[in-house]
**Student:** 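The structure's right below; bear with me while I get my questions together.
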Number of protein chains: 2
Amino acid sequence: MSQLLSLRDRKRAETWAALHLSASGTALDKGLECVTVDAVAADAGVSPRTFFNYFASKEDAVLGLQEPFVGESMLADFDVDGDLLASVSHLMHAVTRTIHGSADEDGNRCREVICRYPQLMHRRFQYIVKVEQLVTDAVAERLAQSSRWATAPAGYNVEDVAKMLVLVAGASLRFAIQKTTSHPTRESQSEALDQGMELMRNILKELL
Amino acid sequence: MSQLLSLRDRKRAETWAALHLSASGTALDKGLECVTVDAVAADAGVSPRTFFNYFASKEDAVLGLQEPFVGESMLADFDVDGDLLASVSHLMHAVTRTIHGSADEDGNRCREVICRYPQLMHRRFQYIVKVEQLVTDAVAERLAQSSRWATAPAGYNVEDVAKMLVLVAGASLRFAIQKTTSHPTRESQSEALDQGMELMRNILKELL
DNA sequence: TGTATTTTTGCAGTGACTGCAATAATGGTT
DNA sequence: AACCATTATTGCAGTCACTGCAAAAATACA
């Protein structure tokens with residue numbers, strides 16, 4: 001188990017976690033203004049300069065953000081011919097989770113920090129923009145292979161359709177995020193996501 | 001004409017424009033890394049400290065960003081019982097324009113800067129989040145007075161419906177923004193907005 | 001053990017941004 | 001014109017995020 005990672009990788013993971021834990025903990029305990037790179041680095045037992053080997057900014061450390069990626073497993077139950085909106089929103093949800101390198105227990109802590117310091121949401125949105133780009137590419141690839149969607153409406157291409165799908169599906173994701181961060185309840189975010197999708201359908205059915 | 005504004009207000013407007021023009025001009029001519037607060041302030045003939053009386057950050061100066069607001073005139077042709085999605089997206093578009101204090105001719109310059117330095121888009125998104133909040137409140141108020149929308153679907157309230165409407169309408173706005181900034185054509189953004197809305201309708205009709 | 005690679009670290013520097021208090025400019029009043 | 005209240009500008013001193021660079025330490029590998 002501990003041999004799956006080399007000593008180097010294990011230490012890296014430990015330092016990453018120590019920095020993130022110190023940053024988010026200090027933010028909750030003493031306030032975000034007390035979170036300085038120097039203090040966090042000292043708390044984690046590394047030099048301030050090393051901090052930037054792990055995080056591009058102190059906000060990233062507080063939220064434990066990492067570069068998002070589209071994993072193979074996430075695309076497994078992506079069905080172009082099924083409920084496309086649901087597929088896309090679930091894919092976005094899955095990829096969005098990859099920007100949080102921390103464990104699930106840490107999720108509530110982060111949500112609490114974001115709730116107290118909404119400025120941090122902005123930084124998270126930056127990452128979500130990256131998620132949108134990644135998912136758009138992945139969706140476009142799937143659409144291009146589908147007989148139904150390979151040809152887009154006149155004046156548009158497959159990338160446009162993918163982009164629009166991601167933006168619309170992203171609406172329900174953002175709805176779910178705003179709901180769960182302003183009301184830090186126990187209910188899971190994927191529940192909120194499905195509820196948001198349902199509300200969206202209800203409204204749109206009336207409007208189209 | 002020049003008496004409509006007091007001397008103080010006129011000078012303020014001039015200094016604002018000088019700072020913004022210097023910042024965006026330097027970004028285009030010499031690159032964004034050459035845009036420093038000191039240089040911009042000197043170029044505009046004010047002290048560096050004064051710069052921060054006008055802009056909260058140097059990015060704001062480059063893009064000429066101002067606090068968004070919902071004007072009376074924007075709500076004039078908002079029709080709750082008509083094409084609600086179109087109404088909301090047009091309202092969002094109108095409010096989004098208020099974050100750009102500069103004149104229309106300056107729009108292309110800013111789009112060019114954003115195109116060359118996509119990091120700036122993030123700062124703009126921060127303002128768009130504010131736009132979303134403002135428009136959500138305005139829309140919720142209108143919905144509450146409407147007989148059709150005053151009662152939301154079970155489990156949701158009017159604010160939820162307004163939020164979702166804004167997010168969905170925002171999707172077509174973001175689509176239009178991405179289109180026009182990656183392809184800085186002459187066609188107006190409101191055209192792109194309507195086209196995006198049309199694409200969204202086409203796609204959603206197939207999916208609902 | 002020796003060597004190549006990666007990581008950490010210190011250092012010195014740039015530049016954004018802030019609070020504060022003095023000074024100057026402006027608006028309105030007598 | 002003279003006077004005062006309000007508001008804007010400025011300099012100063014300081015904090016802190018973030019960077020490039022090169023030396024030193026840790027790790028991997030043969």
Side-chain angles (χ1 to χ4, degrees), chain A residues 2-20 22-24 26-27 30-67 101 113 117 119-120 122-123 126, chain B residues 2-20 22-24 26-27 30-67 101 113 117 119-120 122-123 126:
Chain A
S2 61
Q3 288 293 24
L4 291 181
L5 269 53
S6 67
L7 172 62
R8 217 167 231 172
D9 291 340
R10 218 183 325 131
K11 279 201 162 185
R12 249 196 106 74
E14 278 169 15
T15 305
W16 189 96
L19 287 169
H20 166 48
S22 165
S24 58
T26 308
K30 306 185 201 164
L32 189 59
E33 61 281 358
C34 290
V35 180
T36 66
V37 171
D38 285 14
V40 170
D43 199 23
V46 294
S47 83
R49 187 64 185 81
T50 300
F51 176 92
F52 292 102
N53 288 342
Y54 288 84
F55 296 99
S57 71
K58 74 171 192 180
E59 283 83 11
D60 287 19
V62 171
L63 298 177
L65 297 184
Q66 287 181 169
E67 283 297 310
V113 180
Y117 305 100
Q119 323 111 286
L120 295 175
H122 300 148
R123 181 71 182 169
Q126 293 185 8
Chain B
S2 62
Q3 288 293 25
L4 291 180
L5 269 55
S6 67
L7 172 62
R8 217 168 231 171
D9 291 339
R10 219 182 324 134
K11 279 200 165 186
R12 248 194 109 73
E14 278 169 15
T15 305
W16 189 96
L19 287 169
H20 166 48
S22 165
S24 58
T26 309
K30 307 186 200 163
L32 189 59
E33 61 280 358
C34 290
V35 180
T36 67
V37 172
D38 285 14
V40 169
D43 199 23
V46 294
S47 83
R49 189 63 186 80
T50 300
F51 175 92
F52 293 102
N53 288 343
Y54 288 84
F55 295 100
S57 71
K58 75 171 191 178
E59 283 82 13
D60 287 19
V62 171
L63 298 178
L65 297 183
Q66 288 181 167
E67 282 298 311
V113 181
Y117 304 101
Q119 323 110 284
L120 294 176
H122 299 146
R123 181 70 182 171
Q126 292 186 8

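In this text the structure is predicted, and so the values were computed from the model without any measurement. Chain letters run A, B, ... following the sequence lines, proteins first and then strands; every chain starts at 1.
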**Student:** Rounded off to whole Å, could you give me the CG-to-C1' distance for the B/Asp9 and D/dA8 pair?
**Tutor:** 12 Å
**Student:** Examine C/dT7: is either OP1 or OP2 under 4.0 Å from a nitrogen or oxygen in the side chain of A/Tyr54? Give yes or no.
**Tutor:** no
**Student:** Do you know which two heavy atoms are closest between B/Glu59 and B/Leu120, and how far apart they sit?
**Tutor:** CG-CD2, 3.6 Å
**Student:** Suppose we screen for side-chain contact (heavy atoms from CB on, under 4.5 Å). Which residues come up paired with B/Ala61, at least two apart in sequence or across chains?
**Tutor:** B/Ala23, B/Phe51, B/Phe55
**Student:** Roughly how many Å is it from CG in A/Asn53 to P in C/dT9, rounded to a whole number?
**Tutor:** 9 Å
**Student:** Tell me, for nucleotides 13-22 of chain C in 5' to 3' order, what letter each nucleotide earns: B for a base near a protein heavy atom under 4.0 Å, S for only sugar-phosphate near one, - for neither?
**Tutor:** ---SBBBB--
**Student:** Can you tell me how far the CD atom of B/Glu67 sits from the CG atom of B/Asp60, to the nearest 0.5 Å?
**Tutor:** 8.5 Å
**Student:** Quickly work out the B/Arg12 CZ to D/dT6 P distance and round it to whole Å.
**Tutor:** 18 Å
**Student:** To the nearest angstrom, how far is B/Gln119 atom CD from D/dC18 atom C1'?
**Tutor:** 15 Å
**Student:** Would you say B/Thr50 reaches D/dT9's phosphate, i.e. side-chain N/O to OP1/OP2 under 4.0 Å?
**Tutor:** no
**Student:** So, using side-chain hydrogen bond (donor to acceptor under 3.5 Å, both in side chains) as the criterion, who are the partners of B/Ser22 when residues are at least two apart?
**Tutor:** B/Asp43
**Student:** Under 4.0 Å from OP1 or OP2 of D/dA26: is there any side-chain N or O of A/Lys11 that close?
**Tutor:** no
**Student:** Sequence neighbours excluded, which residues qualify as side-chain hydrogen bond (donor to acceptor under 3.5 Å, both in side chains) partners of B/Glu14?
**Tutor:** none
**Student:** Can you measure A/Leu7 atom CG to D/dT27 atom C1' for me and round it to whole angstrom units?
**Tutor:** 7 Å
**Student:** With a 4.0 Å cut-off on heavy atoms, is A/Phe55 in touch with a base, just the backbone sugar-phosphate, or nothing at all?
**Tutor:** nothing
**Student:** One character per nucleotide, please: for nucleotides 1-6 of chain C, 5' to 3', B when the base has a protein heavy atom closer than 4.0 Å, S when only the sugar-phosphate does, - otherwise.
**Tutor:** ----BB
**Student:** Please report, rounded to the nearest Å, how far the C1' atom of D/dA28 is from the CZ atom of A/Arg10.
**Tutor:** 14 Å
**Student:** By side-chain hydrogen bond (donor to acceptor under 3.5 Å, both in side chains), which residues pair with A/Gln126, not counting sequence neighbours?
**Tutor:** A/Arg123
**Student:** Rounding to a whole Å, what distance do you find between A/Glu14:CD and C/dT7:C1'?
**Tutor:** 15 Å
**Student:** Could you tell me whether a side-chain N or O of A/Tyr54 sits under 3.5 Å from a main-chain N or O of A/Leu19, the two making a donor and an acceptor?
**Tutor:** no
**Student:** Distances for protein N/O vs nucleotides 28-30 of chain C N/O pairs under 3.5 angstrom?
**Tutor:**
none

**Student:** Testing the basics here: between A/His20 and A/Val62, what is the closest heavy-atom pair and its distance to 0.1 Å?
**Tutor:** CE1-O, 3.1 Å
**Student:** Could you tell me which residues satisfy side-chain hydrogen bond (donor to acceptor under 3.5 Å, both in side chains) with A/Thr36, sequence neighbours excluded, listed by chain and number?
**Tutor:** none
**Student:** Could you walk me through whether B/Arg10 and B/Leu7 pass the side chain to side chain contact (heavy atoms under 4.5 Å, CB included) test, one step at a time?
**Tutor:** CA-CA 5 Å; B/Arg10 219 182 324 134; B/Leu7 172 62; 4.2 Å; yes
**Student:** Check side-chain contact (heavy atoms from CB on, under 4.5 Å) between A/Arg49 and all other residues, then give those that pass, not counting sequence neighbours.
**Tutor:** A/Ser47, A/Phe52, A/Asn53
